[in-house]
Amino acid sequence: MPQELPIFSIVSSFGSFSLVWVKFHPQSSHFSHTQVFLYLGVTEMLFMSFLSKKMILRGTEDFSLFLARPRSWLAREVFSNIGNCLGKRIMYSLFLLGFSVLLGASPTHKIGFMGRIIELIILLAIPQALLVTLFSAFRLSYAQTDYFILPFSKLFLALGGVFGPLSDFADPWRKIFLQLPGSDLFFQPAFYAVHGHFYQTTGKIWLFRVLLIDSVLILLLLFFYKRGRKLFQAWGG
C-alpha cells in the first residue's frame, strides 16, 4: 500500500480535526468546518516558521569574524531572519490557499483572505526574527541553549491557540490564554485572517501588544548580545 506524502497527511489531519472540533462545539464555536480548516492552516503556517534551529545555529557560526570587521552582526542576523521568515510564510500561504481550493474549503473572499495573511506575515516577521536572533545571542554566552528551543516553541504551540481556536475554549482558561503573548502571535492573527476582525479586541490594541513584544525582545537582545560579545572575547574567540 503506497504511503501518503507528509503534506497530504497534514492536510488530511486538518480536515479530520476540523470535523471533530465543529462536532463537539456545534453551538458555541465561532468557526464553521471550512473556517476551522483555514484557521489551522494559518496557525500551522505561522508555527512551522516560528523558531528555526538551523537559523539559530548558523547565526553564531561566524560570529568571531564580526569582532574584527566593521559590520553589525545584529543587523545581519535580524534582516536575514526577516527574509527567511517572509519567504517560508509566503510559500506556506500559497500551499494553504491551493489545498483549500482543491479540498473545497477555500475562503469565500480569496483576495481578502490572502491580503490579510500578507499583512500579518509582514507585521509578524519582525518579532519572529528578533526571537530567532535572541536565541542566537543566548548561544554566545551559553553553548547549551539548544535544548530549550523545543520546549519553548511547544509552550507557544500549547498556549497560543495552535491546537485549536482560543475563542472556543471555556473560561477561565480562555481569558488567561488570551492575555499571553502566544495569543497575539498565533490565535489573533489566524482569527483575523479567517473572520476579518480580531477576537474581543481591536486592531490598534493588537498592534500595540505586538509592538510591546518587539520592544521587550529588542531590550533582551541588546542585553544578551553585549553580554555574549564580552564573554566570547574573554574565551579567546
Enquirer: Would you indicate whether the side-chain heavy atoms of Glu77 and Met55 approach each other to under 4.5 Å?
Expert: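 The answer is no; the side chains never approach within 4.5 Å.
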
Enquirer: Can you tell me how far the OH atom of Tyr92 sits from the CZ atom of Phe47, to the nearest 0.5 Å?
Expert: 11.5 Å

Enquirer: Is there side-chain contact between Met45 and Leu96, with heavy atoms separated by less than 4.5 Å?
Expert: no

Enquirer: Could you give the distance from CG (Leu185) to CH2 (Trp206), rounded to the nearest 0.5 Å?
Expert: 8.5 Å

Enquirer: Answer whether the closest heavy-atom distance between the side chains of Phe187 and Thr43 falls below 4.5 Å.
Expert: no

Enquirer: Quick one: does any side-chain atom of Ser136 pair with a main-chain N or O of Ile56 as donor and acceptor, under 3.5 Å?
Expert: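 Such a contact is found between Ser136 side chain and Ile56 backbone.
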
Enquirer: For Leu219, is the CG atom crowded, meaning more than 12 foreign heavy atoms sit under 6.0 Å from it?
Expert: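 Yes, because the 6.0 Å sphere around CG of Leu219 holds more than 12 heavy atoms from other groups.
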
Enquirer: Are Glu119 and Met114 close enough that some pair of their side-chain heavy atoms sits under 4.5 Å apart?
Expert: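 No, too far: nothing below the 4.5 Å cut-off.
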
Enquirer: As an exercise, state the distance from OG of Ser215 to CG of Leu211, rounded to the nearest 0.5 Å.
Expert: 6.5 Å

Enquirer: Would you mind listing every salt bridge (Lys or Arg N to Asp or Glu O under 4.0 Å) that reaches into residues 95-118, with sequence neighbours excluded?
Expert: none

Enquirer: Any heavy-atom pair between the side chains of Gln188 and Thr201 that's under 4.5 Å?
Expert: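 When only atoms from C-beta onward are counted, Gln188 and Thr201 do touch, with a gap below 4.5 Å.
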
Enquirer: Any idea how Trp73 and Tyr225 line up, ring-wise: parallel (<30°), tilted (30 to 60°), or perpendicular (>60°)?
Expert: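 Because their plane-to-plane angle is under 30°, the rings of Trp73 and Tyr225 count as parallel.
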
Enquirer: Please tell me if the side chains of Leu217 and Pro127 come closer than 4.5 Å, counting only heavy atoms from C-beta onward.
Expert: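 In short, these two side chains touch, coming nearer than 4.5 Å.
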
Enquirer: Kindly determine whether Arg58 and Ser80 satisfy side chain to side chain donor-acceptor pair (under 3.5 Å), including the steps that lead there.
Expert: CA-CA 11 Å; Arg58 186 197 63 79; Ser80 175; 3.2 Å; yes

Enquirer: After noting the C-alpha distance and the side-chain angles of Phe224 and Leu140, does the key distance pass the side-chain contact (heavy atoms from CB on, under 4.5 Å) rule?
Expert: CA-CA 8 Å; Phe224 281 101; Leu140 301 179; over 6 Å; no

Enquirer: Applying a strict under-4.5 Å side-chain criterion to I, L, V, M, F, W and Y, I'd like to know whether Leu124 and Leu212 cluster together.
Expert: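 No, Leu124 and Leu212 fall in different hydrophobic clusters.
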
Enquirer: Should Ser183 and Tyr199 count as side-chain neighbours, where that means a heavy-atom distance under 4.5 Å?
Expert: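 They are not in side-chain contact.
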
Enquirer: Please check: side-chain N/O of Arg209 versus main-chain N/O of Gln179, any donor-acceptor pairing under 3.5 Å?
Expert: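 Yes.
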
Enquirer: Would you say the side chain of Leu207 lies within less than 4.5 Å of the side chain of Thr202, judging by non-hydrogen atoms?
Expert: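 A side-chain contact is absent here, since even the closest heavy-atom pair is not under 4.5 Å.
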
Enquirer: Can you list the residues that meet the ring-ring contact (aromatic ring centres under 6.0 Å, His included) rule with Tyr39, with sequence neighbours excluded?
Expert: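 Phe31.
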
Enquirer: Using the side-chain contact (heavy atoms from CB on, under 4.5 Å) criterion, which residues pair with Ala193? Sequence neighbours excluded.
Expert: Val42, Phe113, Ile117, Leu120

Enquirer: Classify the ring geometry between Phe177 and Phe169 as parallel (under 30°), tilted (30 to 60°) or perpendicular (over 60°).
Expert: perpendicular

Enquirer: Determine yes or no for a side-chain-to-main-chain donor-acceptor pair under 3.5 angstrom, with Arg174 supplying the side chain and Leu166 the backbone.
Expert: no

Enquirer: With rounding to the nearest 0.5 Å, note down the distance linking CZ in Phe95 to CG in Leu97.
Expert: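 Rounded to the nearest 0.5 Å, the CZ-CG separation comes out at 12.0 Å.
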
Enquirer: Would you mind telling me which of Lys88, Gln128, Arg89 makes a side-chain hydrogen bond (donor to acceptor under 3.5 Å, both in side chains) with Ser49?
Expert: Arg89

Enquirer: Does His197, at its NE2 atom, have more than 12 non-hydrogen atoms belonging to other residues, nucleotides or ligands within less than 6.0 Å?
Expert: yes

Enquirer: Which label fits Phe152 and Phe50: parallel for a plane angle under 30°, tilted from 30 to 60°, or perpendicular past 60°?
Expert: parallel

